[in-house]
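Worksheet: the structure to be examined is printed underneath.
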Amino acid sequence: MSTFANPIERKEKKGLDFSRRRNFVSRGDSAVPKSTEEKNKKILSTSFSPCRDDAFEESVQGSSVKRVKPSTHLVRQNDEPGMQFSQSNGMELAAGATELAVGATEKLGDDDWETEMLILNRQGFGSTMEDIHAENVARLKQMSPEEIEDAQKEIVGKMNPAIVELLKKRGQKKFGSREGIASGQEKGDQNMFSDYLVESGKNLGKNNAGNEPSSQGVKVTGMTADHAGSASAGQVKSNSWKIWSERVEKVRDLRFTLEGDLFDQASSGCKPEGVQPDVGNVAERDILRTEGDPSALGYSIKEVIALIRSMVPAQRAIALKVLDSILNKALVNLLNDKGWLDAKQDIFSNHVDWWAIWAYALGPEPQLVLSLRIALDDNHNSVVLACAKVIQSVLSCDMNESFFNVAEKVPSMQKVLCTAPIFRSRAEIDSSFLQGGFWKYSTKPSNILSSNMDNEDEAEEKHTIQDDIVVAGQDVAAGLVRMGVLPRICYLLEMGPIPALVECLLSLLIGLARHSPTCSNAIFECPRLIQNVVSILTRQGMMELPCQIKAITVLKVLSQMDRRLCLNFVKGGIFQQVMWHWYRNLKTIDQWVESGKEHCKLTAVLMVEQLRLWKVCISYGYCVTFFADFFPNMCLWLSRPTFSKLLEFNVLDEFAHITREAYLTLGALAEWLPCLHSVDQLIKQDTDLGDDAVETWSWSHVLPMIDLAISWLSINDIPYVLIARRFEENDIYNSSESSMIWVISAVLHMLCCVFFKMSPTRADDMNNTTSLPWLPEFVPKVGTEIVKNRFLSITGLSDISPKGNTGCSLVERLCFLRHQNNFDLALSSLSCLHGLIKLVSLIDGCIQRARNACNIQLLAENSLDMEGKVLAEGVIKWTREDLIRVLDVFGNLVSAEWPMIQSLETFGRGGPAPGVGVGWGSPGGGFWSLNILQAQEDARLVLELFKILPIVHERDFTRVEAMNPAFGKSPNPMNLVLHRVNCVLAVCLVAGPGARVIMEAALNILFQPPVFKYLDLSLHHFLQLDKRLKSFKWQYEDKDYLLFSKILNSHFRERWLSIKTKSSGDADERYQSHGFPRKSAVLETIHEAQENEEIPELSFKDTSFSSFCIQWVHQRMPVPTHWFLSAICSIGEQKKNSGLNSSNELEVAKSGLFFLLCLEALSSSMFAIQESPTSHVSLVWKLHALSMSLHVNMAVLEEERTRDVFESLQEVYGKQLDELRHKEKQEFHDSSSKTHDNPSEVLSFQSKINEGYSTFVENLIEQFGAVSYGDIIFGRQVAIYLHRSVDSPIRLSAWNALSNSYLLELIPPLEMCFSEAEGYLEPPEDNVAILEAYAKSWTSGSLDKAFTRGSLSFSLALHHLCSFLFNSISPDKLNSRNKLTKSLLRSYSYKQNSFAMLLHLVKYKLPVSEDPLHTIEIIQRFELLMATCEGNSSLIAVVENLKSTL
């Protein structure tokens, strides 16, 4: 080999011969000459699929020649600027080179060599690795077989023998399975380098080690189905994650038509038989090469993205249009809830998995964002426009705006949600392992904007494209901003593009602004961008109106995101430019109507957006004084019009939109009215805000507005709101009906805002005795109109139900419309109901407080009309039965809707894909669907009803105290209170980040002393009813209920509603980042483990005026189903530097235990009508909560009352465990295919709570040995981890911890545990590791005292060892049985108690002595023991001794 030791000289590259290029075009091309097909088929043993450009294998005359192409997935190691191969990649390259030397034993033929090189030229390999490979093949061609053999020996001699052996086995495996590989590739399986792809995905995830969900998204597109289970540490045992990975993997092989539909290869007749089209030559599929049909084979997603970088502008534009069609279809199907595909269904069936398609397209593998950013810099207008539309689809701009447009109609939705993708913090022991951690951004906000360095050269070195790609893989919108899309949009706007492109660009700005405050600040700080947006407002013409609407929306969203931006727009004069339409002198509505349908439609949308921007400014306290300027024009839209004219020109909807928004704006103005009877609050209000720009509204402006609003209360002559007629279920509803209901809703809410300012305290506080000095005349006037126009059924006789068709009150009509399959109609009805009930409550409060001043009682006595009498006595009093029926209807709705919200989180994220909004890829829209908005509005209405209809009345206590033990067994009126409590629990689960007030109101209603008193009475009846439970000999007092109320309300607010903010050191990070360079170019990661780091909290009140956007991050809502367990777990949390003292935590735990037992009693009593949310919480979490209360100390068991409550909870959960076990066992026996070994592992602590749960159990057992002194209650709780239903690793850890600490004897006997004995003993143990642990404890003496005391631990070891030793087992466990038997027999020689224990083992479960089988069973057992001894004399002597004793 010394002759070959010189360096290889680089050969000079010569010109390539393209004369035979058509012979080597991919077989997928229809223009391939048939004369060369057989030859190409002989050479290509594998198909070049679109997803296999990372590696391929060639078979040449029996030799395996392996080549690796540098993949775009290779990432930098240790965050160095250069691109380097990872260790796994280097091993693959070494393996390929070695296998080349080991496997190539014959020379290559001249024809095959020429053909192979031409194919390599067609593939376009030109890197250094490819040149080296070509030179190696050329050198092998020149060597004789003897020289090759000598070279092999020399290489093998220099390598590690273990590596050589490994490579030989790999080569043999590949040679032996070549045919199987080829067939697998034809079916679309993974390529030969799946291991390499998995390693590449792991290395890519190292850059985001702390950002686990994002790294999961990276891995899922780069792994095979076999390795999908290793995607995440938290999902190792999760079958759902593996199924999801396989679904996304299948998208690689999907092909689409030019219209975005799934390409049906089976029916097209163009399905390639051997070689599929390659991504690298997709641009060569032109009209000439494909015989006039370039799209005959369809396009995969990667091919479409590759075609975006074609040299032909037409191909780039077509590729972008195809991609836009695919994404649009995916969005539409996701919103229609058709994006879900069952894992058992074929991907090529009629059911298209649009969910997985969306996730794959936005994932890191196709690198869609980078291609779009490059395409946006194109110099062809058609390409730029098509690219803008694709980005618009990626950001879900249109879908998001349609959702926010509906949400802004709802008066209660004053804030908007940010759309940035997020994930949950990982649960740790410091947070009791409870789910519902703080949300975090998928990519850190500091990674969105690259640092502005003083040295531009240094900035360019540290800012790499790979960093941009990583960020884009985590968050699409963040990646676009980081790649500099904002300056490009600014440049395009300056060039004066066509209106279509301007509209698309403005939509992109809206989508990016809604992403997060970081992106909105980036838009504002982008030079000249805001000026270009404002300049659009000065253009004239009908064609410019759509662009002006979008421009106003951009300013509105930016104002919602940050108060400072809004103030900047006001001071800069931008607000006046936006509101130009309201300065125009419009004399009559007829002028607007006669301008035409299209003009009315566009101007209506424009004026609505203008009013919404003004409403945002008003909400901050700005631009209030502009009311005087806009009042003349506003009167035209606030007054009742001539409906016949509007109906004639078909513009009633457009007029209603403007009127609705005008009244909502008046409602925002009314928020800045000074309290009518208090001047001090006005002064205090101005002082607290501390902003010179804040203004207030005047009561002098209110009276004209009230008169205009009262005119809308005469609803009998308003079109589509007629209530004097009967309505049927088959009525046809149109948009005009919902539009008019929206107007009435806005009028009612505006009146609520005005009435709310008429008293110095909360008007809905019915117990407030403060009287009003005088009452405005319009108060009884409004009340009279409501009563006279039959908004409510005064008699209370109408039956409100979804199918009711009798009655004519507005409430009944609205309840009927809520159940219709029309979101706009349902939401408008909900909003109108909410406003009506709130207004009625405020009117009653004002009249009752002003009773002395106005002598209303005397007025009622002298009044001849019904309206005066109703107002004097109270509208709620007269309509109470009607309102109760409304509460029942919507209470049942909320109780049925909460599971929908709880099922939206996917793998700890808000959705499976890092998109923007629309549920982040979830079917049905996820958190951004109108279903969720409707459920939250149902919850708001229920809470409003609970304010005027308390859950518990005094008469309810009397009924409960007098009722018989049959309580809860029938749906009698006694259960009404329990159903209402259940409804409030459901409301807590419905509330999301944007509905924080819902959760606060629900906690206030639920945690009231009367509610606790009623629950306590119900609990005692529940204990009397269940014979398994013992009744309490004590009774809580009123002071205890008051303490429970305060403690639990405070705890749950602190735990679930607290807002997590940055520390003071990072507070000004976004401002400092612009002035100082970053210390390194490494992308910042999000550390999930920092769940409970000490970070100052910011109250909701402090942030109410700083922004009208709600960020998902730094808060926990929506709460998990087991949220109420946090009170019990709080005492066991290992808090660092906690401000709470131990006594406070103890009181919280005591209150939580009582509340939990009440909920269990409630859940047991609710089966007749509806299911309680408590029953949906897994038993695993409930048992874990009890263990957490004992994790630090056993203080909860020291008080008699709390100890009795704890014991009752154990009994309740023992009963539930037995029921679950029997149900699981029955299902297992009834199933035709019994695939799982153990049907009774229903307590999966490790998989459901945390993978490291065994450590928690060990700590709990250590605490049990340190402080319990054998306490029975504590011992029963520890014993549950030895239950046969617990997963095997936890049982093994618990047993070993007890055995090593010699605590087995402290476990109570089997009959004292809170579950049936069968649950601990059956089925017989088949886990050899656990059986060995039993035997080890037996022989070591750990079970000696347990044997004497009759502990559960000895019963377990005795039963399972006996079953394993003397019953028939599988042949593969014979050695284990013999080993255990010998170990037990040997223990006789050095243990005194061993003989008695062995006798118990032999006699265990023997038939009675009178039974003939008794003797037979004894003989069989001793024969088995003798056979196990294998001639060992000492063991045989032990067996003989046992036999003689029996």
Side-chain angles (χ1 to χ4, degrees), residues 410-412 745 748-749 752 755-756 762-767 786 791-794 796 798-802 804 809-819 826-845 874-898 934-953 956 973 975-991 995 997-1008 1010-1011 1014 1169-1170:
V410 182
S412 57
S745 169
L748 294 175
H749 280 276
C752 289
F755 277 58
F756 189 81
R762 291 186 59 87
D764 56 357
D765 186 5
M766 302 302 295
N767 295 326
I786 290 177
F791 278 76
L792 290 161
S793 177
I794 300 300
S798 61
D799 185 17
I800 301 177
S801 64
S809 69
L810 180 63
V811 168
E812 182 181 3
R813 175 71 175 175
L814 295 177
C815 288
F816 175 79
L817 295 179
R818 162 59 184 86
H819 290 80
L827 286 172
S828 63
S829 303
L830 274 171
S831 179
C832 192
L833 273 173
H834 191 188
L836 175 60
I837 294 172
K838 187 176 182 180
L839 180 60
V840 168
S841 176
L842 290 171
I843 292 174
D844 274 4
V875 180
I876 295 177
K877 179 180 178 181
W878 280 81
T879 60
R880 186 178 187 86
E881 297 299 326
D882 205 6
L883 295 177
I884 289 177
R885 283 191 288 270
V886 175
L887 178 59
D888 293 339
V889 169
F890 285 93
N892 293 332
L893 283 175
V894 174
S895 299
E897 288 171 335
W898 68 263
Q934 182 174 273
Q936 292 179 351
E937 289 306 304
D938 288 339
R940 293 179 192 273
L941 179 59
V942 168
L943 293 178
E944 191 65 39
L945 287 168
F946 275 135
K947 291 179 181 179
I948 59 179
L949 299 173
I951 295 181
V952 181
H953 295 277
D956 296 324
N975 286 334
L976 179 62
V977 176
L978 298 183
H979 288 298
R980 291 181 178 178
V981 173
N982 183 68
C983 178
V984 178
L985 291 174
V987 167
C988 294
L989 299 176
V990 169
V997 293
I998 293 180
M999 185 71 175
E1000 292 177 339
L1003 293 179
N1004 291 334
I1005 293 173
L1006 184 61
F1007 298 123
Q1008 296 179 3
V1011 176
Y1014 190 90
I1169 297 180
Q1170 56 185 218

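Index from 1, following the sequence.
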Looking at Asp938 and Arg818, does any basic side-chain N land under 4.0 Å from a carboxylate oxygen? yes

For Phe890, ring-ring contact (aromatic ring centres under 6.0 Å, His included) partners two or more places apart: none

Side chain of [X], backbone of [Y]: donor and acceptor closer than 3.5 Å?
{"X": "Trp898", "Y": "Ser895", "answer": "yes"}
{"X": "Ser831", "Y": "Leu827", "answer": "no"}
{"X": "Asn982", "Y": "Leu978", "answer": "no"}

CG of Asp882 to CD1 of Ile876: how many Å apart, nearest 0.5 Å? 12.5 Å

Closest non-hydrogen atom pair between [X] and [Y], with its separation:
{"X": "Leu748", "Y": "Gly835", "answer": "CB-C, 4.1 Å"}
{"X": "Cys815", "Y": "Val886", "answer": "SG-CG2, 4.1 Å"}
{"X": "Gln936", "Y": "Ile998", "answer": "O-CD1, 3.6 Å"}
{"X": "Val984", "Y": "Ala1002", "answer": "CG1-O, 3.6 Å"}
{"X": "Ala1001", "Y": "Leu943", "answer": "CB-CD1, 3.8 Å"}
{"X": "Val1011", "Y": "Val981", "answer": "CG1-CG2, 4.2 Å"}

With side-chain contact (heavy atoms from CB on, under 4.5 Å) as the criterion, how do Ser793 and Val811 come out once you've worked through the C-alpha distance, each side chain's angles and the decisive distance to 0.1 Å? CA-CA 8 Å; Ser793 177; Val811 168; over 6 Å; no

Could you go through the side-chain contact (heavy atoms from CB on, under 4.5 Å) check for Leu839 and Cys752 one step at a time? CA-CA 5 Å; Leu839 180 60; Cys752 289; 3.5 Å; yes

Could you check Glu937 against Gln934 for side-chain contact (heavy atoms from CB on, under 4.5 Å), going step by step and ending with a plain yes or no? CA-CA 5 Å; Glu937 289 306 304; Gln934 182 174 273; 5.8 Å; no

